[in-house]
Each structure stands twice: as C-alpha cells, then as structure tokens.
Amino acid sequence: MIKLPAITRRSFLLSSAALGATVITGTTAYAAPSRGGSATLLLAAEPPVLTTIAHTAYNSVYVSPKVTEGLLTYDFDLNPQPLLARQWTVSDDGLRYTFKLREGVKWHDGQPFTADDVAFSIRTLKEVHPRGRNTFLNLVDIETPDPLTAILALSKPAPYLITALAASESPIVPRHLYEGTKIAENPVNLAPVGTGPFKFKEWVRGSHIVYECNPDYWDQPRPYLDQLIVRFIPDAAARSIAIETGEIDLAPSTPVPLSDLDRLKSADSIAFETRGYQYANGVSRIEFNLEKPIFKDVRVRRAFAHVIDRKVIRNTINYGYGEPIPGPINPNLTKWYVADLKTYPIDLAAAEKLLDEAGHPRGSDGIRFRLNLDYVPSGEPYVRGSEYIRQALAKVGVEVTVRSQDFATYTKRIYTDRDFDFAYEGMSNLFDPTVGVQRLYWSKNFKPGVPFSNGSAYSNPKVDALLEAAAIEVDPKKRVEQWRQIQEILVEDLPALDIVSQPELTIYNKRIADHTLGGEGIAGSLAYAYVAAA
C-alpha cells in the first residue's frame with residue numbers, strides 16, 4: 001500500500017474560528033472587524049450566470065462563491081482549509097476521500113444542508129461541468145452513511161482532487177432545487193440559493209447585482225458587510241475613473257490598462273494586492289502550430305526562442321508587471337515551479353545560424369519566410385506584445401503579419417479550422433498542473449474543435465507517459481519530480497514558448513479590509529471583508 005505523507009493523510013480538524021485567526025494574521029493590521037456598511041465590486045464584463053455548477057464563464061467565478069460554497073477553501077500555498085467540510089481524510093491508496101460536514105448549516109431558503117446535497121452536486125459536476133468531467137473522471141461512487149458524512153470512492157487515484165473543491169470550481173448546490181431539472185437551464189442559476197455569507201437580492205441586467213448579508217450564516221459573526229454590490233463597467237476608461245473617484249472598492253484581475261496603474265498608485269485611498277490568484281495562475285505564451293511544415297523543425301522554434309525577449313515583454317509591454325517564466329508553470333504554483341530550466345539567451349547570430357541550418361536562408365529581399373501571428377483578443381498586452389514579436393523576428397529575416405479578430409473567430413481559427421501559424425495567448429495553470437497544464441501538451445488532448453486544449457498538436461510519448469503517471473501518483477515527491485521531468489522535456493521540444501506570468505492584481509480602496517485571505521482572492525466568499533474605521 002502506498003503511504004501518503006502525514007500532512008496529506010491526517011484529518012484536518014481546524015474550526016472556522018481557527019481558520020479565521022490563521023488567515024487574518026497574514027494581512028495588513030486594522031482595527032477589529034466591525035459589522036455594517038457596503039462594498040462595491042467591479043467586473044469588466046457581466047457574467048452569463050451567477051453560479052458555476054455548469055459553467056466556467058469568465059467573471060462567474062467572482063460572484064458564485066458569495067452565495068454558493070465549496071467543501072474546502074485554500075491558503076496562499078493552496079493548502080486545503082475547512083469550509084462546508086470541517087474535517088477530511090484520504091485513504092493511503094488515494095481511492096477514498098471521507099468528508100465530515102458542518103452541523104447546523106442551512107440553505108438560504110431554510111432547508112438543512114446535508115451529505116445528500118454534496119453527493120448530488122459532485123455527481124452533477126461530473127456530468128455537466130466543463131472541467132468537472134475530467135476532475136471527477138475516476139469517481140465511481142459517493143457514499144452518504146449519515147447526513148453529515150460524504151465519501152468519494154475512486155477507481156484510480158486523483159491527487160489533484162483535494163485542491164479542486166473550492167466554491168468557484170466545485171460549488172455545492174441545493175439538491176431540492178436542482179434535482180430533476182436541466183441543470184444548465186435551471187432558473188436558480190440566475191437567482192442563486194446557497195449556504196454562503198451573502199444572499200442574492202437582485203440582478204439588474206447590464207448594470208449590477210445586489211447581495212445582502214445572510215444573518216443566519218453558520219460562521220458567525222461573519223459576514224461583516226451588510227451589502228455587496230457588483231457593478232459591470234465594460235469601458236476601460238470608465239473603470240479607471242470609477243476606481244479613482246471611489247465609486248469602486250474592489251477591482252480584481254487588473255481591470256484597467258496597465259498604463260493607468262502608475263496614476264492610480266498616486267491616489268492616497270487606493271492600494272494594490274498581487275496575491276489571491278494562486279487558484280488561477282495565468283501565463284502568457286507563444287504556441288506554435290506543429291502541423292505547419294515550418295514549425296515541425298525544432299531548430300526554427302529554438303531560433304524564435306533566441307530572438308523573443310521575455311524581459312522586454314515584461315518590462316516594456318507589460319509595464320513591469322508579471323514575471324518572466326522559463327517553462328509552462330506560474331511561479332505562484334510554488335511546489336511545481338522549476339526556476340532553473342534551460343533557457344535560450346537572446347542571441348540573433350545563434351538564431352540566424354539555426355534558421356540557415358533548418359534550410360531557410362535569406363532571400364534577395366532579406367526575407368527567409370512569411371508567417372501569420374494571431375493574438376488572443378484579451379487586452380492591451382497581447383496587442384502590444386504581438387507588435388513587439390513582429391519587430392523582433394524581422395531582425396532575423398522572418399516577416400510576420402499580425403492578425404486581429406474577435407474572440408469567437410480567434411477560437412474557431414486556432415482550435416477548429418487550424419488556420420494559424422503561431423499564436424500569442426494566455427492560459428491558466430489553474431490549481432494543479434494535471435488540471436491546467438496537461439491539457440496543453442497531452443497528445444490525447446489534441447482534438448480539433450475543443451478550445452483551450454493542445455493547440456500545438458504536440459505529441460511526445462515520453463511526455464504522455466509522464467503526464468499520465470503524474471495524474472495518478474499519490475506520492476507527492478514522486479509527482480513533483482515527474483512534473484520537473486515534463487518541464488525539462490518541454491523546454492527542449494518547445495511546442496510553446498512561455499513568456500511571463502500574467503500580471504494579475506486587485507485594485508482596492510483602503511477602506512475595505514481583509515478581502516484577500518487565500519489563494520482564491522476576490523473569487524472567495526468575502527465573508528471576512530469589512531469596512532475599516534477611518
């Protein structure tokens with residue numbers, strides 16, 4: 001029998017009070033939390049639904065956890081902490097997860113929360129959630145021996161599972177309001193009922209959502225806020241003004257142009273928080289289409305690596321935000337990140353030599369070949385970054401045409417039509433590399449028509465074997481070593497050139513305290529947030 005380390009196998013017995021004490025000590029010192037007041041949260045785009053039981057649409061992750069909770073929450077190192085589950089154990093073979101649930105928890109409509117809700121929710125996630133199908137792939141049964149115990153039985157180990165149970169990723173919903181319905185079409189998705197610190201009050205389409213304090217919340221005296229308002233402001237300039245004038249208290253995911261940040265920093269009432277994105281962990285990367293003859297030769301890909309300077313993108317394109325990364329994993333995923341991977345120093349002569357050796361000499365016009373570069377339409381850094389890439393490659397005789405399009409057209413071009421040479425894009429590592437990184441390099445995940453998967457059409461049997469082994473390895477040390485080997489091979493093969501960690505930060509008004517207490521950041525419940533005394 002494989003033995004898990006004690007920290008993995010032991011029962012987690014922390015009470016909610018202990019959790020609060022542990023987390024709060026790591027934040028800026030304020031006076032003791034006081035009850036009352038309102039906070040306004042900014043979203044750049046309106047979410048299509050207010051729960052994430054069947055949807056992963058961007059921005060829905062910021063609203064769903066305010067009402068609908070998960071079994072666990074996570075600290076900044078993604079160590080699990082209690083939420084609806086107060087205690088849990090994992091069997092030595094990694095095949096049974098036993099969760100002891102909190103007593104006395106009620107849904108917002110007054111019905112009791114039980115293990116049946118947990119079993120129903122997880123079965124539903126496996127069936128209809130875009131990522132839940134893979135996350136719970138090995139799940140074969142859920143036992144509920146009593147109303148406060150849920151046991152997940154697996155056919156194979158899934159070591160990433162213990163990190164997949166946050167409110168935004170795996171919400172627990174009320175069985176009595178969802179059972180027997182078409183989950184994705186259930187009206188409760190638009191007017192949610194949960195166990196969380198805030199109750200849904202109203203959604204004015206195109207304008208805002210209002211949440212009110214849940215006076216019967218199980219974790220008293222929280223929440224401290226009487227009201228949480230979520231505003232949608234699609235115009236970037238208007239977002240900056242609203243933050244600057246104090247209309248907005250919390251603005252996650254760098255919602256303003258990076259060029260505005262220095263001006264906002266000068267405001268006495270505004271501060272910045274870089275933590276709270278450990279559950280998403282976005283990276284910017286250049287993905288090569290290995291179905292194109294030009295990129296089948298690794299020497300061409302390595303030549304590009306000798307030309308495209310990560311530091312220029314970080315310092316100039318991203319205004320100093322984000323960190324250059326040598327491989328596919330964001331530094332926030334500390335246990336998986338490898339800092340000493342092989343890199344390709346900026347060396348135009350070396351690049352020219354590789355391109356010559358690959359059979360692409362300069363023509364009489366100085367051009368070796370012509371390519372199209374498509375960038376993801378997801379903000380200023382990708383537009384500016386693509387122009388830099390174009391200029392950099394011109395120095396070694398590669399003529400690049402930068403193409404822009406809307407998001408739907410971009411997605412179809414890359415993943416369905418396969419009509420691209422190389423792309424500049426953003427991808428999320430998520431909370432575990434098996435969930436967020438494997439999809440990009442596993443040959444079995446090259447499926448035309450499936451977005452945000454193996455867009456390069458990369459295939460390496462050794463990498464496949466390592467990915468599949470790491471997905472079921474219960475020894476954490478062995479799994480970390482497997483992922484080191486995977487990264488070492490990827491920087492040799494270069495199906496993609498990883499550039500920088502995405503410059504995610506939260507802009508906030510200093511009057512709001514304790515809003516970012518763990519790896520979920522503003523995508524957590526905000527149960528601990530409060531209006532600080534002047």
Side-chain angles (χ1 to χ4, degrees), residues 4-26 64-92 94 96-108 110-123 125 136 139 142-154 161-175 193-198 214-224 279 431 514 517-520 524-528:
L4 298 180
I7 192 169
T8 304
R9 287 187 286 111
R10 72 182 176 89
S11 301
F12 288 75
L13 300 170
L14 296 176
S15 68
S16 60
L19 170 63
T22 299
V23 178
I24 289 175
T25 56
S64 183
K66 309 305 182 278
V67 173
T68 308
E69 297 181 292
L71 287 174
L72 303 174
T73 186
Y74 300 89
D75 66 17
F76 290 117
D77 292 320
L78 296 185
N79 296 308
Q81 306 291 328
L83 200 60
L84 287 176
R86 59 180 177 81
Q87 173 187 346
W88 59 97
T89 57
V90 182
S91 64
D92 287 351
R96 290 177 70 82
Y97 290 67
T98 301
F99 295 94
K100 295 295 184 180
L101 308 178
R102 295 189 183 278
E103 299 180 29
V105 177
K106 291 189 177 182
W107 296 101
H108 293 164
Q111 294 296 310
F113 159 75
T114 72
D116 288 339
D117 296 304
V118 174
F120 173 81
S121 298
I122 292 178
R123 290 189 180 108
L125 288 163
F136 298 103
L139 180 71
I142 304 176
E143 303 166 18
T144 53
D146 62 66
L148 294 177
T149 303
I151 303 171
L152 278 58
L154 280 61
L161 185 61
I162 200 65
T163 320
L165 302 175
S168 60
E169 183 72 12
S170 301
I172 304 303
V173 298
R175 174 183 175 181
V193 174
T195 57
F198 295 98
N214 174 12
D216 301 314
Y217 188 45
W218 56 265
D219 191 16
Q220 290 296 310
R222 289 163 280 274
Y224 299 117
Y279 208 75
F431 45 85
D514 288 356
L517 300 180
E520 297 158 84
S525 72
L526 293 183
Y528 286 82

For [X], enumerate each residue passing the side-chain contact (heavy atoms from CB on, under 4.5 Å) test, keeping only those at least two apart in sequence or located in another chain.
X	result
D216	N214
R123	A119, D141, I142
A527	P197, Y217, R222, S525
E103	L148

Nearest 0.5 Å, what's the [atom1]-[atom2] distance between [X] and [Y]?
X	Y	atom1	atom2	answer
L78	T73	CG	OG1	10.0 Å
I172	I122	CD1	CD1	5.0 Å
F99	I162	CZ	CD1	4.5 Å
L152	W88	CG	CH2	14.0 Å
H108	F198	NE2	CZ	10.0 Å
L161	S170	CG	OG	7.5 Å

What pairs of residues pass the salt bridge (Lys or Arg N to Asp or Glu O under 4.0 Å) test when at least one of them lies in residues 144-153, not counting sequence neighbours?
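Sorted pair list comes back empty.
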Heavy atoms only: give me the nearest [X]-[Y] pair and the separation to one decimal.
X	Y	result
P215	Q220	O-NE2, 3.4 Å
W218	L83	CH2-O, 3.9 Å
E169	A164	CG-O, 3.7 Å
D219	Y528	OD2-OH, 3.6 Å

Could you verify whether a donor N or O on one side chain and an acceptor N or O on the other, from K106 and T195, lie under 3.5 Å apart?
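There is no such pair (donor and acceptor under 3.5 Å, judged by atom type) between the side chains of K106 and T195.
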Would you say the side-chain atoms of T68 pair up with the backbone N or O of G194, donor to acceptor, closer than 3.5 Å?
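Checked: no pair found.
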Y279 and Y74 aromatic centres sub-6.0 Å
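Ring centroids of Y279 and Y74 are less than 6.0 Å from each other.
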Stepwise, does the side-chain contact (heavy atoms from CB on, under 4.5 Å) test hold for T144 with F120?
CA-CA 11 Å; T144 53; F120 173 81; over 6 Å; no
Who passes salt bridge (charged side-chain N to carboxylate O under 4.0 Å, His left out) against E520, sequence neighbours left out?
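E520 satisfies salt bridge (charged side-chain N to carboxylate O under 4.0 Å, His left out) with no other residue.
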